Amino acid sequence: MRRLAPVLAWLFLAVLATAQPNVPGQTYFGRNNYIEYRAGDLPLILSASHGGHLTPSEIPDRTWGSFAVDTNTRELAIAVFDEIFARTGRRPHLVISHLRRIKLDPNREIIEAAQGNPVAEQAWREYHGFISSARAAARSAHGFAHLVDIHGHGHAIARLELGYALGNAELNLSDAALNHPGYAWMSTLRTLALSRPGVPFPELLRGHRSLGDLLTRRGVEAWPSPQFPSPGDNPFWNGGYIVRTHSCLHDNDVIHGVQIETHWSGVRDSESSRAAFATRFAHALQPYLWDNYGYDLGTLSVTRIEPPATLTLARGGPPLTLTLRRSGWLGLSTSMAFTLGGSAVRGSGGDYSSSLSVNVFFSAGQTTTSITLSPAATGPAFGDKTLTLTLAPSATQTADTTPLVLTLHDGLSQTVRASALTPSVFESAPAARFRLTRTHGASPLTVPLVWSGSALPGADYHSAPASVTFAAGQSSLDLDIPLVDDGRPAPDRSLTLALGPGPAHFVGHPASATIRIRDDDRPAGLAVWLRGDLEGNLALDSSGLDLHATTLPANGPAASGPAAITVPTPAGGAPALAFDGIDDTLALPKLPLDPDGAFTLAFFLRLDAGGEIADQNIATYGTRSAPGSLHLYLATTNPANGTVALRSNLGGLAANALDVTRSSPATWQNGAWLHYALAVSADGTARVFTDGVLRRSATGRSETLSPDELLWFGWRPAAGGGSGFLRGALRDVRVYQRALSPAEIAALASARSTFASWLGTHGLPPSLAASADPDGDGLSLLLEYALAGTPRAPAAAPPRYALGLADGRLTLSFLRATEAGDLTWTIEGADSPAGPWHALARRASADPAWTPLVGGVAVAELHGHVTVTDATPLSLSPRRFLRVRVSQ
């Protein structure tokens with residue numbers, strides 16, 4: 001015990017040291033300076049584990065494993081560190097082992113690495129503790145980190161070997177095969193596909209502007225890259241313990257990594273070689289981090305177009321000079337390519353000329369240059385044309401490639417343009433604001449308007465005019481569209497204004513403008529809501545948390561991910577995602593989890609007819625049957641009679657505890673939509689519902705979901721296997737951080753709410769009485785439920801509730817909760833507040849329309865906005881009162 005006590009003290013001190021926040025620029029050491037950590041302030045972590053030289057006698061030699069020293073890799077890592085700091089004034093994180101590999105191998109798990117020696121084990125823990133500290137610091141400061149583990153190889157081919165946990169067998173595949181989602185899952189770039197939807201995985205790995213491409217174009221050959229895509233039968237190091245343990249491969253975080261095996265000659269063999277490599281590597285990192293993370297490392301310059309004061313030119317008008325500015329390290333001259341596009345024609349006889357046409361040039365140290373665009377002389381009237389300027393950097397340059405779109409006017413015609421003053425606005429805002437402008441304002445001008453988008457008149461906004469009129473002398477007109485602030489959880493809506501043609505004007509550019517109306521009534525506990533809306537390779541999250549899912553394989557020449565479809569429902573067309581059964585999958589980023597372990601997963605599922613049904617995977621979280629996992633799939637449970645189960649395999653419960661069975665594959669593959677919900681309570685009770693009905697339940701679940709997994713739909717993460725993919729469609733996928741009540745699940749399945757489900761949606765106890773008023777605004781819960789009100793925020797009146805006059809008769813307007821499935825609305829009239837009150841019109845939830853109960857009463861409803869016109873003229877009854885009465 002006397003000999004072990006100091007070791008235990010060292011262990012405690014090392015753990016304590018790595019738990020403290022580290023100061024950038026400071027160097028920290030483990031016991032006896034065996035392990036060194038230079039704390040940085042960049043999202044870049046450098047590791048050098050095999051270049052140490054110390055051979056202390058207190059650590060016996062390792063007797064098995066590899067003992068080869070990666071000579072000068074420690075010095076190479078320091079050279080890269082110094083080069084980046086010299087260029088940027090900021091530091092990568094750097095972790096170094098000064099122990100010779102025969103004493104410690106940090107790139108192996110602890111048993112092989114230290115072989116039972118407590119001092120070596122302590123050094124191993126220090127090494128990995130420092131990397132963990134660097135990861136946490138970079139993640140906290142920048143939202144991501146990239147790990148580079150530097151090694152040396154002695155293979156015959158002098159080429160960098162970039163190890164992403166993919167070896168010869170995988171890299172020798174074609175891009176079409178490698179685009180299978182299983183290979184992205186196997187790699188240390190696993191979650192990069194979530195950050196770069198639309199980029200095929202092979203392109204991230206070895207395509208244009210991949211790390212291998214950038215290094216090769218800098219004069220340091222590397223594979224995988226476009227130039228050297230696969231190693232064939234040649235020896236190749238694919239990445240070891242460090243990069244696999246401290247990247248997304250371990251915990252699915254936004255931490256990616258590569259093990260770089262460097263050759264000797266020209267890279268590690270001399271101080272000048274190391275310095276030259278460090279420069280090239282720093283240059284390559286700039287576009288790599290910019291492309292993948294939008295991060296400006298500063299080791300090269302980044303070129304941007306400065307937004308000009310005006311985006312409009314006119315023929316016959318003054319020229320426009322655009323400034324291009326570069327930032328970062330300016331020690332090199334740069335020739336930056338650009339393109340001039342759009343409908344405007346450049347050159348003699350065209351619409352404009354340019355001082356430059358192909359490239360812009362920066363000399364060393366130069367921060368700005370310019371392009372002058374000169375409109376041609378006034379010519380024929382044509383309205384607006386566009387001129388688009390886009391920087392087009394090569395693989396060794398960095399630029400903001402966002403196009404700058406300019407408008408070129410003919411200088412003669414009356415041209416009208418549209419813009420959004422509030423491109424994104426919450427529904428609680430008073431209005432969505434548009435601006436219309438015109439080029440000549442002398443005379444009045446009426447412009448027709450066309451409205452579109454997912455926003456509904458009456459339900460999401462009050463009304464929108466069919467046209468607007470500019471007064472004489474007025475060249476700009478602001479248009480406010482009043483919004484409806486209701487209490488109904490709904491996806492974000494869009495409202496688009498498009499300019500219509502007319503005999504006295506041209507429709508200019510922009511010809512339309514769109515405003516996003518953001519919902520502010522997210523259901524309690526909702527973490528993800530994938531309705532089925534697809535934008536490129538993003539399945540858009542409507543929960544308000546922007547946890548958009550990525551479809552894989554990403555768009556490429558060989559394959560595409562799940563397709564967007566529209567399906568009929570009782571409420572109208574609904575978006576959905578179709579999975580082809582071959583390689584389609586949908587991956588979500590890491591989810592926020594309830595610390596008590598409660599959650600609900602709910603969705604609609606439709607299976608295609610025919611083909612194998614067994615082991616079709618619907619949803620996967622972690623590895624099947626592993627602790628903290630969840631796996632939903634179809635399994636043939638009795639081959640003799642063809643019984644098929646929809647299995648909810650939840651870690652901690654028996655595999656078949658939540659099975660929902662049917663007698664044959666055909667009864668599942670019938671093309672009908674099935675609503676599925678799994679609700680797990682904090683006490684470990686799990687319940688499975690289909691079509692809103694409880695089918696199975698189980699108790700005794702003793703573990704919660706792992707915080708370090710991804711949720712996948714349509715595919716079980718496997719090593720590139722080609723089976724088990726879903727052949728069917730999903731829609732309305734929801735994940736909650738709580739266990740929904742049976743009433744809430746039934747409401748999801750039927751798309752019709754009840755009072756009980758509405759309470760749960762708003763996070764209120766189901767025991768509250770209909771007459772309760774928790775927000776104290778004088779409106780009962782039942783009224784706020786029926787009239788699309790908000791039960792947790794005081795309001796003077798329900799949404800759109802108003803009295804008015806029409807043709808001498810009293811009117812009453814209100815917003816009806818069209819999703820309510822258990823109510824009756826009755827309009828009543830009286831000549832005195834004391835009554836008697838008489839029913840004028842009535843509608844129950846199941847009724848297709850209003851039923852007038854008194855002759856002359858008129859009721860109109862548009863998207864839930866109801867307007868009732870009384871039958872009694874005010875000339876006959878000067879004192880007249882209307883009200884709405886709600887009953888269950």
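Since we're looking at a predicted model, the values are computed, not measured.
Minimum interatomic distance between Thr496 and Ser512 (heavy atoms only, all atoms of both residues): CG2-CB, 4.3 Å. Considering all non-hydrogen atoms of both residues, Asp541 and Leu530 come closest at CA-CD2, 3.9 Å. A pairwise comparison of heavy atoms in Leu194 and Leu588 identifies CD1-O, 3.9 Å as the closest pair.
For the pairing with Arg196, the side-chain hydrogen bond (donor to acceptor under 3.5 Å, both in side chains) check across Asn537, Asn292, Thr550, Asp291 returns one residue only, Asn292. When the options Trp185, Phe725, Phe201 are evaluated for a ring-ring contact (aromatic ring centres under 6.0 Å, His included) with His180, the one that passes is Phe725. No option in Phe603, Trp529, Tyr676 other than Phe603 meets the side-chain contact (heavy atoms from CB on, under 4.5 Å) test with Val733. Of the candidates Ile618, Leu658, Val688, Leu607, Leu646 forms a side-chain contact (heavy atoms from CB on, under 4.5 Å) with just one, namely Ile618.
A donor-acceptor pair is defined here as one N or O able to donate and one able to accept, closer than 3.5 Å; no such pair exists between the side chain of Ser753 and the backbone of Ala747. When atom types are taken as modelled, the side chain of Ser845 and the backbone of Leu823 share a donor-acceptor pair closer than 3.5 angstrom. Not a single donor-acceptor pair under 3.5 Å links the side chain of Thr867 to the backbone N or O of Ala860. Between the side chain of Thr585 and the main chain of Leu552, no donor-acceptor pair closer than 3.5 Å is present. Listed for the His762 side chain is no donor-acceptor partner under 3.5 Å among the backbone atoms of Leu764. Between the side chain of Arg516 and the backbone N or O of Leu495 there is no donor-acceptor pair closer than 3.5 Å. Without hydrogens or angle criteria, Thr422 side chain to Ser424 main chain gives no donor-acceptor distance under 3.5 Å. A donor-acceptor distance shorter than 3.5 angstrom exists from the side chain of Glu744 to the backbone of Thr761, with no hydrogens or angles considered. Of the possible donor and acceptor atoms, one in the side chain of Gln616 sits under 3.5 Å from a partner among the backbone N and O of Glu612. A donor-acceptor pair under 3.5 Å is formed between the side chain of Arg662 and the backbone N or O of Thr667.
Side-chain atoms of Thr790 and Pro799, non-hydrogen and from C-beta on, never get closer than 4.5 Å to each other. Here the side chains of Leu499 and Leu436 are in contact, with some heavy-atom distance below 4.5 Å. Using a 4.5 Å heavy-atom cutoff, the side chains of Leu545 and Ser543 are in contact. Side-chain contact between Pro197 and Thr551: absent, with no pair of heavy atoms (C-beta onward) separated by less than 4.5 Å. Under the 4.5 Å side-chain criterion, counting only non-hydrogen atoms from C-beta, Leu601 is in contact with Leu632. Contact annotation: the side chain of Asp584 never approaches that of Leu726 to less than 4.5 Å [non-hydrogen atoms, C-beta and beyond]. Annotation: side chain of Asn617 is in contact with side chain of His631 (closest heavy-atom distance under 4.5 Å).
Residue pairs meeting the salt bridge (Lys or Arg N to Asp or Glu O under 4.0 Å) criterion with at least one member in residues 449-465, sequence neighbours excluded, are Asp460-Arg493.
Rounded to the nearest 0.5 angstrom, Phe599 CZ and Tyr736 OH are separated by 14.5 Å. Note: Trp712 CH2 to Thr620 OG1 = 9.5 Å, rounded to the nearest 0.5 Å. Here Asp486 contributes atom CG and Arg800 contributes atom CZ; the two are 11.0 Å apart, rounded to the nearest 0.5 Å. We find the CH2-CD1 distance between Trp668 and Ile613 to be 7.5 Å, quoted to the nearest 0.5 Å. Here His863 contributes atom NE2 and Leu456 contributes atom CG; the two are 4.5 Å apart, rounded to the nearest 0.5 Å. Distance CZ/Arg531 to CG/Asp492: 9.5 Å, rounded to 0.5 Å.
Applying the ring-ring contact (aromatic ring centres under 6.0 Å, His included) criterion to His548, with sequence neighbours excluded, gives no partner residue. Listed by chain and number, the residues in a ring-ring contact (aromatic ring centres under 6.0 Å, His included) with Tyr293 are Phe144, His256 (sequence neighbours excluded). Taking the side chain to side chain contact (heavy atoms under 4.5 Å, CB included) definition, one finds that Asp659 meets it with Thr637, Ala645, Arg647, Asn656, Thr661, Arg696, sequence neighbours left out. For Tyr801, the ring-ring contact (aromatic ring centres under 6.0 Å, His included) test picks out no residue, with sequence neighbours left out.
With salt bridges taken as basic N to acidic carboxylate O contacts below 4.0 Å, one links Glu861 and Arg843. The pair Glu819-Arg752 fails the salt-bridge criterion, with no side-chain N (NZ, NE, NH1 or NH2) lying under 4.0 Å from an Asp/Glu carboxylate O. A salt bridge does not link Asp521 with Arg488: every distance from a Lys NZ or Arg NE/NH1/NH2 to an Asp or Glu carboxylate oxygen is 4.0 Å or more.
Side-chain atoms of Arg417 and His509 include no donor-acceptor pair closer than 3.5 Å.
In this structure, the ring of Trp825 has its center no less than 6.0 angstrom from the ring center of Trp850.
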Name every donor-acceptor pair, under 3.5 Å, that has one atom in a side chain of residues 425-434 and the other anywhere in the protein, sequence neighbours excluded.
residue	atom	partner	partner atom	Å
Ser428	OG	Asp520	OD2	3.3
Arg433	NE	Asp480	OD1	2.7

